[in-house]
Amino acid sequence: MSASEIMRQVSEHYDLRTGCRQYHLECQQAFTRFLTMPGYSSFYNNGFDRLQVLDTAHVERVMQQLQRLQNDDRSAWLDPHVETVRFDYRNDADWIREMYGAVLNLDMDRILVNFFQSEYMVHSLCFHRTFPTQVEDDVSYRWHRDAGPTGHIKIIIYFTGGEISGAGTEALDVNVTYELAEQGYSFPPLNERRSDLGEYFDRANIVYKPYDHCTRAGEALVFRPRDVLHRGVFSRDPHSPRYVATMLLLPSPVHWTQAYELWPLYAQQRFAGKSIDMQHGPVLKGQAKVMVP
């Protein structure tokens, strides 16, 4: 099956069958802000960009909150090697809101609104702590693309730098991603994801050169996860786990700050680990948007 046919099937499922395309159009119709095109951005040419979003003091505040959560509830960290934190939205709203405001700053906002051509919302937020042992078995650390609607973006925020540990995220630009898809590596099943794509690079006759993944604490990688092959890079230092947060963004009919205030029920459900049924699409209840669990 050709790369274009695979993308057609992905789009048909996520954009049409789930109603995401229609929802996105409705969000665009409700958009009232004047678009200001950003200057040059790697995001538009390569499918990803890296921005400094948190200063040292803010990174330290987040790390203190994560330590508090770990101490308050040992079950919050789910796995001894690749761990995701869960917490109560109501008790943690203030510092999460502060982090959103820093990450979704003016430069980031320009990238996002020009991509969505609408307002956007934070669909989910997860914190991860990854140790360098046994993570090769985790599919997030093999090359992959995220199947999903055309209109979705991921932002990974790094709370530990990769200068010493080597931790970070590798990505291949949209053109290389497409070339490898033409050679047969597009949306493989989870158990067929690979760490070594040398075979496909050889077939495409291109040089393997991933984006420099060495990140600094407080940086964020914003990227189009459906269009960019990417993989996590774990720490080489057993005493320095990789701490990151992953934000998934979708279109919204209202500004993300309004969405954040209006959708606490949705956030509680998401942070409690309940699945979101996108098959029936988003449900609007008054001005508050609640995803059906």
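From Cys126, atom SG reaches atom CD1 of Ile156 across 11.5 Å, with rounding to the nearest 0.5 Å. With rounding to the nearest 0.5 angstrom, the OG atom of Ser252 is 5.0 Å from the OH atom of Tyr23.
The side chain to side chain donor-acceptor pair (under 3.5 Å) check on Ser140 picks up Asp138, with sequence neighbours excluded. Scanning for side chain to side chain donor-acceptor pair (under 3.5 Å) contacts around Asp227 gives Arg224, with sequence neighbours left out. Residues passing the side-chain contact (heavy atoms from CB on, under 4.5 Å) test with Leu190 are Val139, Arg193, sequence neighbours excluded. Annotation: side chain to side chain donor-acceptor pair (under 3.5 Å) contacts of Glu199 (sequence neighbours excluded): Arg194, Arg203. For the side chain to side chain donor-acceptor pair (under 3.5 Å) test, no residue two or more places apart in sequence or in another chain qualifies with Glu179.
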*Could you check His230 against Phe223 for ring pair (Phe, Tyr, Trp, His ring centres under 6.0 Å), going step by step and ending with a plain yes or no?*
CA-CA 9 Å; His230 57 282; Phe223 64 106; 4.8 Å; yes
*Derivation and outcome, side chain to side chain contact (heavy atoms under 4.5 Å, CB included), residues Val233 and Glu170*: CA-CA 7 Å; Val233 179; Glu170 286 188 332; 3.6 Å; yes
*Before giving the answer on side chain to side chain contact (heavy atoms under 4.5 Å, CB included), spell out for Tyr141 and Arg231 the whole-Å C-alpha distance, their side-chain angles and the decisive distance to 0.1 Å.*
CA-CA 5 Å; Tyr141 291 80; Arg231 66 172 178 176; 5.6 Å; no
*Kindly indicate, with the supporting measurements, whether the criterion side-chain hydrogen bond (donor to acceptor under 3.5 Å, both in side chains) is fulfilled by Arg21 and Thr150.*
CA-CA 8 Å; Arg21 178 176 295 176; Thr150 302; 5.0 Å; no
*Steps toward side chain to side chain contact (heavy atoms under 4.5 Å, CB included) verdict (Leu125, Tyr100)*: CA-CA 10 Å; Leu125 171 70; Tyr100 283 1; 3.6 Å; yes
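Under the 4.5 Å side-chain heavy-atom criterion for grouping Ile, Leu, Val, Met, Phe, Trp and Tyr, Leu248 is not connected to Val222 through any hydrophobic cluster. At a threshold of 4.5 Å between side-chain heavy atoms, the hydrophobic network of Ile, Leu, Val, Met, Phe, Trp and Tyr places Trp95 and Ile157 in one connected group. Tyr44 and Phe116 fall within the same hydrophobic cluster, defined by Ile, Leu, Val, Met, Phe, Trp and Tyr side-chain heavy atoms under 4.5 Å apart, directly or through other members. The cluster map of Ile, Leu, Val, Met, Phe, Trp and Tyr, joined by side-chain heavy atoms under 4.5 Å apart, puts Leu106 and Met99 in different clusters. A single hydrophobic cluster is seen to contain both Met108 and Leu35, as judged by linkage of ILVMFWY side chains at heavy-atom distances under 4.5 Å, directly or through other members.
Summarising the geometry of Ala181 relative to Arg145, their closest heavy-atom pair is CB-NH1, 3.8 Å, with the distance given to 0.1 Å. When every heavy atom of Phe201 is checked against every heavy atom of Leu180, the shortest pair comes out as CE1-CD1, 3.7 Å. Heavy atoms only, all atoms of each residue included: Val244 and Tyr158 are closest at CG1-CD2, 3.5 Å. Heavy atoms only, all atoms of each residue included: Pro253 and Cys27 are closest at N-SG, 3.5 Å. When every heavy atom of Pro149 is checked against every heavy atom of Leu250, the shortest pair comes out as CG-CD2, 4.3 Å. Residues Pro251 and Gly151 share a closest heavy-atom pair of CD-O, 3.3 Å.
With Thr169 contributing its side chain and Gly232 its backbone, the two residues share no donor-acceptor pair below 3.5 Å. With Thr215 contributing its side chain and Gly161 its backbone, the two residues share no donor-acceptor pair below 3.5 Å. No donor-acceptor pair under 3.5 Å is formed between the side chain of Asp109 and the backbone N or O of Asn105. With hydrogens and angles disregarded, no donor-acceptor distance shorter than 3.5 Å links the side chain of Glu219 to the backbone of Leu54. In this structure a side-chain-to-backbone donor-acceptor pair under 3.5 Å is present from His144 to Arg142. Proximity of a side-chain donor or acceptor of Asp173 to a complementary backbone N or O of Asn175 within less than 3.5 Å is detected.
Asp146 is not listed as a side-chain neighbour of Phe187, based on a closest heavy-atom distance of 4.5 Å or more. Side chains of Arg50 and Phe48 form no contact here, defined as non-hydrogen atoms less than 4.5 Å apart. Proximity of Leu249 to Lys154: side-chain heavy atoms (C-beta onward) are nowhere separated by under 4.5 Å. Side-chain contact between Glu119 and Phe31 is present, with heavy atoms from C-beta onward closer than 4.5 Å. A 4.5 Å side-chain heavy-atom check between Val176 and Leu229 finds every atom pair outside the cut-off.
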Side chains of residues 55-64: which donor-acceptor pairs under 3.5 Å do they make with residues two or more places apart or in other chains?
{"from": "Asp55", "atom 1": "OD1", "to": "Ala57", "atom 2": "N", "distance (Å)": "3.3"}
{"from": "Asp55", "atom 1": "OD1", "to": "His58", "atom 2": "N", "distance (Å)": "2.8"}
{"from": "Arg61", "atom 1": "NH2", "to": "Glu98", "atom 2": "OE2", "distance (Å)": "2.8"}

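Each of Leu221, Val122, Leu104 was compared with Ile155 under the side chain to side chain contact (heavy atoms under 4.5 Å, CB included) criterion, and only Leu104 meets it.
By the 30° and 60° cut-offs, the orientation of the rings of Phe115 relative to Phe43 is perpendicular. Using cut-offs of 30° and 60° for the angle between ring planes, the Tyr120 and His255 rings count as tilted.
Counting non-hydrogen atoms of other residues, nucleotides and ligands closer than 6.0 Å to CG of Asn191 gives a total above 12.
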